[in-house]
2 protein chains.
Amino acid sequence: MRKKITLKDIARELEVSISTVSKALKNSEEIGRDTKEKVQAFAKLYNYRPNNIAISLKNKHTKNIGLIIPDIVHYFFTTVFRGIEKYANSRGYNVIACLSDASFDKEVINMEMLANGSIDGFIMALSSETQEKSDYNHLREVTEQGIPLVLFDSTTDEIECDKVVIDDEQIAYEAVKKMAGSGKKRIALFSTGAHYNVNKARTKGYLRALVDCGLEVDEKLILELPPEKNIDIIDPFLESNSIDAVLAVNEITAIHAMNLARKKGFRIPEDISFIGFTDGLLSKYAQPSLTAIAQHGDQMGSIAAHMLIERIESENEEEEEPVFQTKVIEATLIERDSTIN
Amino acid sequence: MRKKITLKDIARELEVSISTVSKALKNSEEIGRDTKEKVQAFAKLYNYRPNNIAISLKNKHTKNIGLIIPDIVHYFFTTVFRGIEKYANSRGYNVIACLSDASFDKEVINMEMLANGSIDGFIMALSSETQEKSDYNHLREVTEQGIPLVLFDSTTDEIECDKVVIDDEQIAYEAVKKMAGSGKKRIALFSTGAHYNVNKARTKGYLRALVDCGLEVDEKLILELPPEKNIDIIDPFLESNSIDAVLAVNEITAIHAMNLARKKGFRIPEDISFIGFTDGLLSKYAQPSLTAIAQHGDQMGSIAAHMLIERIESENEEEEEPVFQTKVIEATLIERDSTIN
DNA sequence: TATCAACACGAAACCGTTTGCGTAGTTATA
DNA sequence: TATAACTACGCAAACGGTTTCGTGTTGATA
C-alpha cells in the first residue's frame, strides 16, 4: 500500500523546508532553478497531489456544491442534476447530492450537515413538505451566514436569493390554448396538490387560457390527485365529466390517465387529448406518444450552477448588498400524437 | 451577515482556552461543571457547529463517499443512487456523485479529483469505454493507496475489491426459459454491445436456456444494437426472422421493439412476447405492460454503501490483507402483460 | 505543617497547506 | 573594503479543530 505523499515527506527526503517545496511546486520565482527541478521531479516521481481538505481549510472554500432535491428517481431532477454536474465539473467543482425525500426534516438535516463547511453554496428544489409548512428558517439560516443559494423549480418568494424557474403559468396557458384551438371544450387539469408552488402557477395559466378562449371554467374539471394510487380517482372522473382534453402536471399522471382512457375506448387524440408536464422517456415511448412540456432540466441545471458559482467566486470582492436575480427558462411544448396537430 | 463562530471565538469571549472550549463541548470529565455549562450555553446561543473540514483534516476522514456512474438519467442508476444515499446518510455520510458520461477520461479525471482527500471511499459502475479499453489503472491507483472501492453492476475481474452484482446470467436464463415454457421457439436477444460485462453474462444465460430447452441456437437471433437509433435495425429484423419472443438487455430497447411489433400488427404476447431488463417506469406504463427483470437498484445501492462503509471504518484495525467479497443480488422477473402467464 | 491526590484548566503539537517576512550567503556597487 | 542589493531559502503563523501532557490550585491525609 503506497500511501499518499505529503509536502512534509518531500521536504524531509530532499532536506529542504516544507515552504520551499510548496513554492517550488508552484514554480515560484523565489526558488532557485536547481531546487525547483529537483522538487518537481521528485513530486512527479512519487505522484504528489495536494490534499484537497488541507487546501479547503486554508483557502476557506471547498469547490463543492451542495444539491438538495426531493427525489432522484425522477426524470426532471435527473436532467437538472446532469446539467449541474456537467457545468460544475467544467469549473472544477464537485456536487454533493442529498435527497430530501419530500421530507422537511431531511431537508433541514441535510442542509445543516453541509452548511458546516462542506460546501461553498447550495442549489435546491424545495420539498413538498417544506412548501406545505411554509417554514423556510433553514434557508434563512444559510443565507444569513453568507452561503450562496440558488433555488430552482419549486421556489418561494419568502427567501431572497437567485432563482431559476420555468414559466409554468405561460406554458400551461399555451398548452390549454393549443387544445382549445383544436376544438376541445371540456379541458381538465390534473394537479397534485395546491401547496406546490409550481402547481399554483400551472393552474393559473390553465384558468387564464380557459377565459381567453371563451371556455367555461368548471371547478369540477380540476382534479387534485394525491401522490399515489390515482387510478381509483381518475377512472370515475373520466366516466362522468365528458371531458375531451387533459393537462396533467406530471408525466406519470398523464400516461396513467391516457392508458385508462384508451381502455375505456376513447380514441386519442380525437375523443380526448392529453398533454403532460415533463418531457421524459414515458412521453416519448407511450402509445400514442404524449405531447409534453419540456422543462429543459439540463439547461436549468447548468444555469443554476453558473449563477451559483459566479456568486461564490465574486463573494470576495463585493461587500455591498447583493442584487439577486430570477432567471426564467422558457418551457417548450413538444407535440406528439396525443394531441391534434 | 452572521458569520459562523469558531472555538477560538468562544474561547476569546469567555476568556478560557480553546482546548477548554473543545473539551467542554464534548462534555469531557476534565472540565468543571460551571465552565462546561457556561461554554455550552454560549455555544448554543451562538449556534456553534464544528467545521467539517477542520475535523476531516484532523481525523483523516471526510465522511464523504465518491460515487461514479456512467449516467444519471437512467432508471437503474437512479435507484442505486437512492439506495446509497439513504444508507450512507443513516451512517452520517454524504455522497459526492460524478457522472462519467460513458467516457473513460471523465471517469479517470473524476476519480483522481476525488481521491486527493475528498472522499473516504468509492462506489462505482464502470463506464462502457473503460470496459472496452480494459484499462483499469485508475482503479488500481486508488486501491493501492488503500482507498476502499466497491464496484457494482458493471465490474471487472481484474480489480480486487468488494463487488455487488446481480446474477445476470441466471435471470436471463430464467427469462428465456419462461418464454420457452409458454411455447416460444424463436427467441431473440437484443444486446447493446458485447464489451459490456453484464451483456456477456446475459448472453451466456440466454444461450444456456436455449440449449436446456432444446431450442435451436441461431446466431442471427442475437441482435447487437448500437447505443442509439435502433429503429432502422429492429424493424427489418422483426420482418425477416419469424421470431416469437424477445429478451432485451434494457428497457428502452424492449419498449421500442414492442411498439414496433405492435405497429406491424403482431399481437402481444400471443404472436410475440417481450421481456426487458430494468423494471422501470417504462415497463410499468407501457401498453401492454412489459414483463421486466427487476435489478433492485435500491438494494444494490444500500448493500454497496454498507460494504464500503464497513470497509472504511474497519480500516484502522486490520493490518493483514483484506479479503474481498462479491455479493450477488437475485434479480426478479416481474410478470406483466407482454408475456403469456 | 509537609505531602500528595484530585481537580480544572492551559500549552502545544498535529492534520497538510499557503504565504508574508526574515535572513544567511553571494554578488555588485561605491 | 565596506555597503548595498539580490538570491534562495527557512521560519512561523494561519486555517479550525482534537488530544496529550503538564501544571497551578485546592483540599485531604499523615
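Below, each value reflects all heavy atoms present in this structure, side chains not excepted, and no hydrogens, waters or symmetry copies. Note on naming: letters A, B, ... go to the chains in the order of the sequence lines (proteins, then strands), and numbering restarts at 1 for each one. Note that the structure is a prediction, hence the values are computed from the model and not measured.
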[N] [atom2] sits how many Å from [X] [atom1], rounded?
X	N	atom1	atom2	answer
A:Arg12	C:dG16	CZ	P	11 Å
B:Ile53	D:dT18	CD1	C1'	16 Å
B:Ile10	D:dT18	CD1	C1'	15 Å
B:Leu57	D:dG16	CG	P	12 Å
B:Glu15	C:dG10	CD	P	11 Å

Please tell me which of the listed nucleotides, C:dA11, D:dA12, D:dG16, lies nearest to the side chain of A:Lys60?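 So the nucleotide nearest the side chain must be D:dG16.
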
With a 4.0 Å limit, can you tell me whether [X] has a side-chain N or O closer than that to the phosphate oxygens OP1/OP2 of [N]?
X	N	value
A:Ser22	C:dT18	yes
A:Lys58	D:dA13	no
B:Lys23	D:dT20	no
A:Lys26	C:dT18	yes
B:Thr20	C:dC9	no
B:Lys8	D:dC15	yes

Taking the basic N atoms (NZ, or NE/NH1/NH2) and the acidic carboxylate oxygens, is any pair closer than 4.0 Å for [X] and [Y]?
X	Y	answer
A:Glu107	A:Lys133	no
B:Lys3	A:Glu144	no
A:Glu158	A:Arg140	yes

Does the ring centre of B:Phe81 sit less than 6.0 Å away from the ring centre of B:Phe77?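 No: the rings miss the under 6.0 Å criterion.
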
Hey, can you pull the residues of residues 33-49 of chain B with a non-hydrogen atom under 4.0 angstrom from DNA chain C?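 Going residue by residue through residues 33-49 of chain B, the ones with a heavy atom under 4.0 Å of DNA chain C turn out to be B:Thr35.
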
